[in-house]
Amino acid sequence: MAARRTAAAGSDEDGKSLPLDELMPWSVRPLRTGRSWVMGPDPTALRARWERLAAAEGAEQERLFRPSRSRTPNTPVAALPGRSTGTGRFAREPGACPDPVRILHGPFDEQWLLPDHRLIDAARPELWRVGDERQLFTVEHGYVPQATGPALSVTHLLPAGRAGRIRPLYRRPDATDPNLAPGLLDVLRARLGPEVAPGSVLAWITAAALPSPSGCRVPLPADAEVWAAGVELGRELVRVQLRGARGGERPRLPGGRRPYVRAALPARPAGIVYDAEAEALVIGDGRISPVPAGAWEFTVSGVRVLELWFERRVAAAVGVVPEGADADGLDAVGARGWTPEWTSELLELISVLALLDGLRPRQEALRARLERAEVPLISRAELRAAGVLPVPGSVRLPASVLGHQEEGPEGQFALL
């Protein structure tokens, strides 16, 4: 019943919320690699794939590369912003393997990427330009009717894979030019207090965003006490999701509730089962406990997060290739069984999901307060009267952020 109320509250017809697209107007689609082998959970495997591809020649290199309309081994491209990888044709001068970088592959799944523009169909360079040590990204999740789970998540990593629209908090590096509708901060400060800042707006959105078929929607309260409660909750949600980044602490459950490996995980696990009575994950002969039911049942867009995370690593451990890939292609290169790093990541992911699930009652209570008529909301009419809406088309485009030359195709320089 609560899930139905939440979905209804986020619908276009409720009249109580505003599209996130109007509050954070600049959005970017996620990275699209075009070939699965450039991304994965094991950076060692990515390096092995690079070496195999660089050593191949002619038709064999073409086959391993898996060409698309955007990329072939003979496609010259500009360098990724902030990266010193090659811009000449890969077939002619592959160069040294770039250090894999951490990315977010769908909700709560941190993986690795080979950051070479010659290998990636749509790398979204506008995100790389603003992705510094102070940037945060909101990522919308797909809408599934009646499904529970968050409407969006927050990350410091570049989002890739099948993520939804990505909205950076800032349009420029160094936390300048907030990606907020012009004038929105002035309205919020006048209503809620002078301490309202871009980070507190992001925290409120994280706590209060609602799913809808047309994208996330956000109610804006005109009550300072309600706003403060939502911002406090949102900051905690963001802290957990950042996993220690941006100067925070890594997520940990209280003593006695922290998950531990009770029996070693097999080198090539086949499946995962949840023992609800024992609060344990059973992975072959391996066992992890305690695992709260809320962590196991945590879903995004109707998909159980832990199961999907595990399935991707099982496939990588044995070199199972995606549908349509060659059995002896690069996806199978570097498979080395289940790694100790994955076990550590799994323990941390369990903690993250358990902590987020523990905050869910506060989110539901906040949303219930917002649905009650006695909580005043900032309306679309008020934002129109203040000149915040409609949003100018210019702020839906990337800002010009280039303070230096970027190397273009074949070593030429590009100017923005």
- Once the angle between the rings of Tyr274 and Trp296 is folded into 0 to 90°, is it parallel (under 30°), tilted (30 to 60°) or perpendicular (over 60°)? parallel

Does any non-hydrogen side-chain atom of [Y] lie less than 4.5 Å from one of [X]?
{"X": "Glu348", "Y": "Pro251", "value": "yes"}
{"X": "Leu281", "Y": "Arg287", "value": "no"}
{"X": "Leu20", "Y": "Arg217", "value": "no"}
{"X": "Gln241", "Y": "Thr155", "value": "no"}
{"X": "Leu349", "Y": "Phe108", "value": "yes"}
{"X": "Val187", "Y": "Leu383", "value": "yes"}
{"X": "Pro168", "Y": "Leu136", "value": "no"}
{"X": "Phe298", "Y": "Val300", "value": "yes"}

Tell me the closest heavy-atom pair linking [X] and [Y], and the distance in Å.
{"X": "Val261", "Y": "Ala263", "result": "CG1-O, 3.3 Å"}
{"X": "Pro25", "Y": "Val391", "result": "CB-CG1, 3.7 Å"}
{"X": "Thr87", "Y": "Val77", "result": "CB-O, 3.1 Å"}
{"X": "Arg171", "Y": "Pro398", "result": "NH2-C, 4.0 Å"}
{"X": "Asp132", "Y": "Ala175", "result": "OD2-N, 4.4 Å"}
{"X": "Leu80", "Y": "Ala123", "result": "CD2-CB, 3.5 Å"}

Quick check for you: to the nearest 0.5 Å, what is the distance between [X] atom [atom1] and [Y] atom [atom2]?
{"X": "Leu104", "Y": "Phe137", "atom1": "CG", "atom2": "CZ", "result": "10.5 Å"}
{"X": "Thr339", "Y": "Arg313", "atom1": "OG1", "atom2": "CZ", "result": "8.5 Å"}
{"X": "Trp26", "Y": "Leu180", "atom1": "CH2", "atom2": "CG", "result": "13.0 Å"}
{"X": "Leu366", "Y": "Glu371", "atom1": "CG", "atom2": "CD", "result": "10.0 Å"}
{"X": "Ile283", "Y": "Leu265", "atom1": "CD1", "atom2": "CG", "result": "4.0 Å"}
{"X": "Leu346", "Y": "Glu341", "atom1": "CG", "atom2": "CD", "result": "13.5 Å"}

N/O donor to acceptor pairs below 3.5 angstrom from side-chain atoms of residues 352-363, sequence neighbours left out:
| residue | atom | partner | partner atom | Å |
| --- | --- | --- | --- | --- |
| Gln363 | NE2 | Ala207 | O | 3.2 |

Counting only N and O atoms by type, is there a donor-acceptor contact under 3.5 Å from the side chain of [X] to the main-chain atoms of [Y]?
{"X": "Gln61", "Y": "Ala56", "result": "yes"}
{"X": "Arg312", "Y": "Asp109", "result": "no"}
{"X": "Arg167", "Y": "Met24", "result": "yes"}
{"X": "Arg89", "Y": "Thr75", "result": "no"}
{"X": "His117", "Y": "Ala78", "result": "yes"}
{"X": "Glu62", "Y": "Thr72", "result": "no"}
{"X": "Arg250", "Y": "Gly244", "result": "no"}
{"X": "Trp342", "Y": "Pro41", "result": "yes"}
{"X": "Arg49", "Y": "Asp331", "result": "yes"}
{"X": "Thr206", "Y": "Leu202", "result": "yes"}

Ionic contact status for [Y] with [X], cut-off 4.0 Å:
{"X": "Asp99", "Y": "Arg47", "value": "yes"}
{"X": "Arg71", "Y": "Asp121", "value": "no"}
{"X": "Asp223", "Y": "Arg369", "value": "no"}
{"X": "Glu249", "Y": "Arg239", "value": "no"}
{"X": "Glu382", "Y": "Arg191", "value": "yes"}
{"X": "Glu110", "Y": "Arg243", "value": "yes"}
{"X": "Glu22", "Y": "Arg396", "value": "no"}
{"X": "Arg63", "Y": "Glu60", "value": "yes"}

Using a cut-off of 6.0 Å, state whether more than 12 heavy atoms not belonging to [X] lie near its atom [atom1].
{"X": "Glu307", "atom1": "CD", "result": "yes"}
{"X": "Arg69", "atom1": "CZ", "result": "no"}
{"X": "Arg268", "atom1": "CZ", "result": "yes"}

- Message: Walk me through whether Trp227 and Leu188 qualify under side-chain contact (heavy atoms from CB on, under 4.5 Å).
- Response: CA-CA 10 Å; Trp227 171 266; Leu188 295 177; 4.2 Å; yes

Would you kindly say whether [X] and [Y] are connected by a side-chain donor-acceptor distance under 3.5 Å?
{"X": "Arg262", "Y": "Ser289", "value": "yes"}
{"X": "Arg35", "Y": "Ser68", "value": "yes"}
{"X": "Ser214", "Y": "Ser212", "value": "yes"}

- Message: Checking Trp37 against Leu46 for the side-chain contact (heavy atoms from CB on, under 4.5 Å) test, could you report, in this order, the C-alpha distance in whole Å, the side-chain angles of both residues, the deciding distance, and whether it holds?
- Response: CA-CA 7 Å; Trp37 59 262; Leu46 297 185; over 6 Å; no

- Task: Step by step, work out the side-chain contact (heavy atoms from CB on, under 4.5 Å) result for His141 and Ser153.
- Result: CA-CA 8 Å; His141 302 318; Ser153 55; 3.1 Å; yes

- Query: Are Val38 and Leu113 close enough, and set up right, to give a side-chain contact (heavy atoms from CB on, under 4.5 Å), and what steps lead you there?
  - Reply: CA-CA 6 Å; Val38 304; Leu113 173 76; 4.0 Å; yes

- Message: Could you check, using the six-membered ring where one of them is a Trp, whether Trp50 and Phe90 have ring centers closer than 6.0 angstrom?
- Response: yes

